[in-house]
Structures are given as C-alpha cells and as structure tokens.
2 protein chains.
Amino acid sequence: MAGLDTKERILNAAEHFFARDGFHNTSLRMITGRAKVNLAAVNYHFGSKEALLKEVFERRLIPLNKIRRENLERVRDDARKKGCKPNVRDVMHAFIEPTFHFMASGPEAKDFIALIGRALSEPDDTVRNIFIHIMWSLFILLVEILADALPELPKNVLFWRLQFSMGAMAHTLHISQKSFPEHHAFMNIISETEIDSLIEMILKYITSGLEAS
Amino acid sequence: MAGLDTKERILNAAEHFFARDGFHNTSLRMITGRAKVNLAAVNYHFGSKEALLKEVFERRLIPLNKIRRENLERVRDDARKKGCKPNVRDVMHAFIEPTFHFMASGPEAKDFIALIGRALSEPDDTVRNIFIHIMWSLFILLVEILADALPELPKNVLFWRLQFSMGAMAHTLHISQKSFPEHHAFMNIISETEIDSLIEMILKYITSGLEAS
DNA sequence: GTCTATAGATTGATAGAC
DNA sequence: GTCTATCAATCTATAGAC
C-alpha cells in the first residue's frame, strides 16, 4: 500500500472490510486505520460512506461487466451468423468466466469477489440496490440471449432457473473465503480446488440445470 | 400480537427485523418498539442481543430439522430395504420440501424464511456461525446419503455440486421477499409462482445438476 | 490535502424503583 | 416482571487550524 495514493488506499481497505464484515459492520475508523490515512479523508475524497461503497463496486464492476457484455454479444452474434441458437454452456461461460478468473488474479481480488458473492443477499438495501443498479442491464442481456438459446422453455421457468444459477454462483464466490466447522475432510477440498476446475464444475452443473427437460 | 406473552412478542418482532434489515442493522429499540414491550425486557428475558438471535433461529429450526432428519432417514432406510441406491430427487426433496412448505404456512413464516435464506451469506460471523452450528449435523447426514445415491461421483465434485445447490436454495428463499428494479415483466412471475410449482422447479434443476454426467 | 477535535446521534446494556 | 433513567461506548460527519 506504500506507493498508492490516499484514494486508492481507502478503496482497498474499504473493499477488504466490506467483504469480510459487511457494510454496516465496518466503521470508517477501521477503514482509515488500515489505509493509514486520516479519518476525515474518507469524507473529503468520497463525500460519505455510502458513496465510498459505490466506488468500491464501480472500480471493479465496470471493467468486469464490459468484458462480460462483449463476451455475451460475441456468443449471440456468432450464433446469428451461423443461423443457429446460442449454446447454453457458451452463454453461461461468457457470463461466469470473467468473474472467476478475476478471483484468481490476486489477493485483493479475493476481497472483492467475496463482496459481490454476497451483494445480492445483503441484509439492507443499501448494498443490494447499488449492486443491482450496476448489474441490471447486463442481466437483462443475459436473459434475452438465454431465451434465444432455450426457446422452448416457458419464460417463468427460465427466470427461476436463472435465479437458481445466480444463487449457486453467488454462494460459490462467497464461500471461497469462508471456513467450515470441525476438521472435516471437505475443508481441504475447497482450498485444493483449482480455479479452472471450479469453473468447469459450476458450468456443468448450471448448464445441466438450465437445460433440464 | 395481543394475546402472546412478552417473550414470544419479542421473538416475533426480532425475527421480522433480523430478516428485513439484518442483525447488526436492527436495534433493540426497533424490536421492543414493534413488540410493544419495554427496552429492558430483551436483556431480562434473553440476556443479550446475540442470545436473542440464537433463540430466533432455534424456535423454528429445531422442529424443522427434526422433520428433515426423519425424511432423510426414511429415504435412506427405504432404499436399504429395497437393496438399491437412494434416489437423488427423493433425497433432495426430503431436505428441501419442509422449508418451502413452511414458507407457505403463514405471514410470520416468511420473515424467518428470508432470514435463513440469507444466513449462510451474512456479512459477519455472528449470524453465520449460529446457523451453521445448528445445521451442521443435518448437512453431514445429507452428504452421506447423497454419496450413497451417487457412488460414482468423486467426493470433491459432490461437495461442490451440493454447495451450488445450497446457494440456489438460499438465494431462492431470500428473493421470495425482495423486489426488482424497473417494472419488468419478470416481477410478476415471482409473485404468481405457486409454492408447489416452485418446489418442482428447483427440485428438477438441482437434481439435474447433481446428476450431470 | 491532511490533521485534531468534537459535535450530534445512536447503540447495547444495566441499575434501581415499583 | 416491568418500568424510567442513564451510562459508556460507538458511530458518521464536520469545523477549522495548518
């Protein structure tokens, strides 16, 4: 954190605590303490705690969603060129892969991944609304392409299966940082799982669930 | 809330706010205000805010898990009698159905369901640890029976697929009380979905994902 | 831009009268 | 068991010196 400027140090520290303890359970003093900046610096640079949270999300999600959108549009356009339906596995891969690979890109990335893994289920609507607002248009694009890929599936069934998939995804991102009680054999399994095989496993699971007869 | 005694009124009010706003974002004053009891009554009857949370969980989870355990053991014993493997769908039905049907049992039940739908992904470990401690032995039983049902599946793959299923389930319980941005057609789909068809949909999705080749 | 100091509000918990 | 009153700690946010 040495060479970074104040704003970035605050963002990194906030990301860490928001991910580990949640938004309301993190105080500005914890953040400024870890970032080694003055307490007043948060309000000087960001205006409020909530505006800080918004920037924590946007710093990572805007570039990440740009990649996801490009991936999704490519899958859709390729299918159109070939005159066939998009492949469900390809669609979900386009959506999922950037997030999971970002997770493996470094230790600070893990903080953020744990945060978005829980964003949909945050208790109060502060976090949830900021997250959904950023994600919504991309989610609609995903729904539309999946509807092309699974034209025979009733819309409400597609909606629910996509929600199941979002839940599976969010929970997976979330627990990648958590521990389990007792010294159970499963504990090691998590840490030993490589990121590529995890992507492979969740893609197979989700694709199978989405395509169920 | 009129005829109920103080302790039960506090439990109901706490359940409501813990589910809606989360543990740390709920104050004892909110709880006692809704329950129409004195502020000091919480510490008199429960000892602390955290002990109150524990009782909120236990009041519903202990009877619910008793049913789930009986269901699971019945599925396992039936399969043993017949000398065949347990059926994956039957196993997951035994685990899932009591929760979803409890959800439909009344308006207060919805508060609790939203709470456990988020328990696994709560920001801080207060809520999560209490929940996991109550659920752990049942979860292990579920894992063991599923391992019998899917003997050819590597243990780490089974573990992850079960985690995906838990995520799907938790997210589904959680969003059953939430709204989505904009007036999107999907909004109506949620509220119109009947509980039995929701159970059917999630069972089909999860079973298909667990059994994927 | 960074600091100290503090305002102003809210919190969980408790003491003690009734 | 229920009440009032209050403590001690915490929080976000800001004012003002440097």
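Proteins come first, then strands; the chains are lettered A, B, ... in the order of their sequence lines, and each starts at number 1.
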Rounded to whole angstroms, how far apart are NE2 on B:His24 and P on D:dT10? 13 Å

Can you tell me if the side-chain N/O atoms of B:Ser27 get under 4.0 Å from OP1 or OP2 in C:dT10? no

Length of the CG-C1' vector between B:Leu52 and C:dA13, whole Å: 14 Å

Does the Lys NZ or Arg CZ of A:Arg68 fall within the cation-pi geometry relative to A:Phe95 - under 6.0 Å from the ring centre and within 45° of the axis? yes

Lys/Arg N to Asp/Glu carboxylate O, A:Lys54 vs A:Glu50, below 4.0 Å: no

Base, sugar-phosphate, or nothing for B:Thr26, non-hydrogen atoms under 4.0 angstrom? sugar-phosphate

Between D:dA13 atom P and A:Ile10 atom CD1, what is the distance in whole Å? 13 Å

When rounded to whole Å, the CE to P distance for the pair B:Met30 and C:dT11 reads 8 Å

Look at B:Arg59 together with B:Glu15 and state whether they make a salt bridge at an N to O cut-off of under 4.0 Å. yes

If the condition is ring pair (Phe, Tyr, Trp, His ring centres under 6.0 Å), which residues does A:Phe131 pass it with, not counting sequence neighbours? A:Phe57

With a 3.5 Å distance limit and no angle check, can you tell me whether B:Lys36 reaches the backbone of B:Arg9 through a side-chain donor-acceptor pair? no

Whole angstrom value for the distance that separates C1' of C:dA13 from CD1 of B:Ile31: 14 Å

Would you mind reading off the bend of the helix from C:dG1-D:dC18 to C:dC18-D:dG1 from its two end axes, five pairs each, to 10 degrees? 10°

Is A:Arg89 salt-bridged to A:Glu200, cutoff N-O under 4.0 Å? yes

Report the C-alpha distance between B:Ile130 and B:Val127 in whole Å, list the side-chain angles of each, state the deciding distance to 0.1 Å, and finish with yes or no for side chain to side chain contact (heavy atoms under 4.5 Å, CB included). CA-CA 5 Å; B:Ile130 289 175; B:Val127 182; over 6 Å; no

How long is the line joining CG of B:Asn43 and C1' of C:dG16, in whole Å? 15 Å

Expressed as a whole number of angstroms, how long is the span from B:Lys49:NZ to D:dT10:P? 15 Å

Under a plain distance cut-off of 3.5 Å, with no hydrogens placed, do A:Glu97 and A:His93 share a side-chain donor-acceptor pair? no

A:Thr99 and A:Ile116: CA distance, side-chain angles, deciding distance, side chain to side chain contact (heavy atoms under 4.5 Å, CB included) verdict: CA-CA 10 Å; A:Thr99 312; A:Ile116 67 165; 3.8 Å; yes

Letter by letter from the 5' end, nucleotides 1-6 of chain D scores (B base, S sugar-phosphate only, - none; protein heavy atoms under 4.0 Å) BBBB-B

